[in-house]
Colleague: 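Sending over a structure as structure tokens; questions will come in a sec.
Whatever order the structure lists ligands and atoms in, that order sets their numbers, starting from 1. Nothing here was measured: the structure is a model prediction, and the numbers come from that model. One is the number of the first residue; the rest follow in order along the sequence.
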Amino acid sequence: MRSVRIALLTLAVVASALAWPAASASPGGPGGPGGRDVDAGRSHRRPQVDQPLRDLTRGTRLRIGTAVDMDALAADATYRDRIATEFNSVTAENVMKWETIEPVRGQLNFGPADELVNFARENGQQVRGHTLLWHNQLPAWLTQGVASGDITPGELRGILRRHVTDVVSHFRGRIYQWDVVNEVIDDNANLRDTLWLQQLGPGYIADVFRWARRADPRVKLYLNDYNVEGINAKSDAYHALAQELLDDRVPVDGMGIQGHLGVQFGFFPAGNVAQNLQRFEDLGLETAVTEADVRMLLPSDGVKLQAQAQGYDTLLQGCLLVRSCTSFTVWGFTDKYSWVPGFFAGEGAANLLDESFAPKPAYQAVQATLALGRPD
Ligand code: XIL
């Protein structure tokens with residue numbers, strides 16, 4: 001009972017804190033005339049946004065990004081316009097993954113990814129590359145070939161080397177950060193038991209970074225994973241892995257924390273996120289929040305939306321509290337196109353804007369925090 005009351009009190013305090021900067025940024029908008037309105041359910045329907053997120057990062061080192069769904073980009077003008085106005089960094093949600101790049105062995109399909117890179121150039125945006133090596137969204141010819149024994153470990157290493165070289169070379173100079181290896185540590189903080197580990201042994205991680213560096217000497221090369229936002233066994237394992245790779249002179253430049261959160265799980269406080277990022281910075285690495293979203297059990301309500309705002313804000317504040325944090329990317333920005341309902345039964349509403357592109361409290365929280373981080 002007591003903890004419930006404390007939690008509610010915390011929410012109320014956060015809610016009123018959030019209402020203030022939004023009110024000052026937008027007199028007619030959220031929390032405007034009428035004063036401090038902490039009713040999240042109502043405030044998220046107010047459409048007025050007078051300072052796009054990317055404008056709020058002007059003069060700072062931070063880039064604000066989103067994952068982009070290429071089908072939505074082609075079909076939905078509002079989606080497209082919003083990406084252009086709100087963000088100065090984009091990540092391919094799917095089209096740079098191996099199953100899209102090489103659906104048929106030996107036939108490279110860079111078309112959709114090139115479209116994104118061109119869109120980004122037209123809109124003055126940088127591109128994060130995602131991802132060179134993962135255990136999901138691999139082409140069937142590869143997984144089936146390995147499973148049947150048609151592709152031997154030696155051959156697989158050659159295939160991986162060629163993939164990394166081809167892809168990084170193709171985008172050389174047009175991508176600023178690559179997620180080189182994605183989710184290579186599991187939830188027990190061990191190297192993930194994937195076909196890569198089984199076939200190639202643990203040395204594949206260093207190999208992939210070295211091949212990527214050879215193909216583009218300037219792009220920043222990142223580790224990337226989920227559940228590593230704060231200090232825990234999994235982020236400890238990443239810290240140890242990063243240290244080991246650096247000791248071996250492997251060209252690792254950055255640590256990416258995905259940031260897939262849920263209001264039902266609670267969040268690391270911003271200070272803990274910052275401490276975690278700081279220890280990677282202390283190794284000489286850059287850091288980034290690469291895939292932020294904060295899901296909830298449906299239906300959403302005012303309290304969940306307010307808690308969600310806090311979730312986004314802890315990640316963003318954690319990022320802004322350290323010098324090394326280069327980019328804050330959300331994994332989609334509207335509930336209209338979100339991977340969450342398809343992957344987590346009964347959950348959704350994970351993004352900054354609702355299905356009609358109206359800002360939710362989370363959007364206002366991000367706006368307010370970015371505004372605070374701006375130079376005077
Ligand atoms: C997800 C995409 O959003 C979905 O569209 C796709 O079906 C599956 O992958 N961690 C990652 C991302 O690194 O690549 C995942 O993206 C979400 C979890």
Colleague: Can we say Asp253 and Arg213 salt-bridge, meaning some charged N sits less than 4.0 Å from an Asp/Glu carboxylate O?
Modeller: yes

Colleague: Write out all pairs satisfying ring-ring contact (aromatic ring centres under 6.0 Å, His included) with one or both partners inside residues 269-320, taking only residues at least two apart or from two chains.
Modeller: His239-Phe280

Colleague: Count the heavy atoms belonging to other residues, nucleotides or ligands that lie under 6.0 Å from CZ of Arg192, then report whether that count exceeds 12.
Modeller: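 Correct, the count exceeds 12.
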
Colleague: Indicate whether the side chain of Asn88 and that of Gln126 have a donor and an acceptor atom separated by less than 3.5 Å.
Modeller: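 Distance-only check fails for Asn88 and Gln126.
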
Colleague: List the steps and the verdict of salt bridge (charged side-chain N to carboxylate O under 4.0 Å, His left out) for Arg61 and Glu286.
Modeller: CA-CA 12 Å; Arg61 63 192 148 69; Glu286 301 186 345; over 6 Å; no

Colleague: Please tabulate, one line per pair, the protein nitrogen or oxygen atoms found under 3.5 angstrom from a nitrogen or oxygen of ligand 1, with distances to 0.1 Å, or say none if there are no such pairs.
Modeller:
| unit_1 | atom_1 | unit_2 | atom_2 | d |
| --- | --- | --- | --- | --- |
| ligand 1 | 3 (O) | Glu93 | OE2 | 2.5 |
| ligand 1 | 3 (O) | Trp331 | NE1 | 2.9 |
| ligand 1 | 5 (O) | Glu93 | OE2 | 3.3 |
| ligand 1 | 5 (O) | Asn94 | ND2 | 2.9 |
| ligand 1 | 9 (O) | Lys97 | NZ | 3.2 |
| ligand 1 | 9 (O) | Gln137 | OE1 | 3.2 |
| ligand 1 | 10 (N) | Glu183 | OE2 | 3.3 |
| ligand 1 | 10 (N) | Glu291 | OE1 | 3.0 |
| ligand 1 | 13 (O) | His130 | NE2 | 3.3 |
| ligand 1 | 13 (O) | Asn182 | ND2 | 2.9 |
| ligand 1 | 13 (O) | Gln258 | NE2 | 3.4 |
| ligand 1 | 13 (O) | Glu291 | OE1 | 3.2 |
| ligand 1 | 13 (O) | Glu291 | OE2 | 2.8 |
| ligand 1 | 14 (O) | Lys97 | NZ | 2.7 |
| ligand 1 | 14 (O) | His130 | NE2 | 2.7 |
| ligand 1 | 16 (O) | Lys97 | NZ | 3.3 |
| ligand 1 | 16 (O) | Trp331 | NE1 | 3.2 |

Colleague: Could you tell me whether Phe333 and Tyr79 have their ring centroids closer than 6.0 angstrom?
Modeller: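 For Phe333 and Tyr79, the ring centres are under 6.0 Å apart.
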
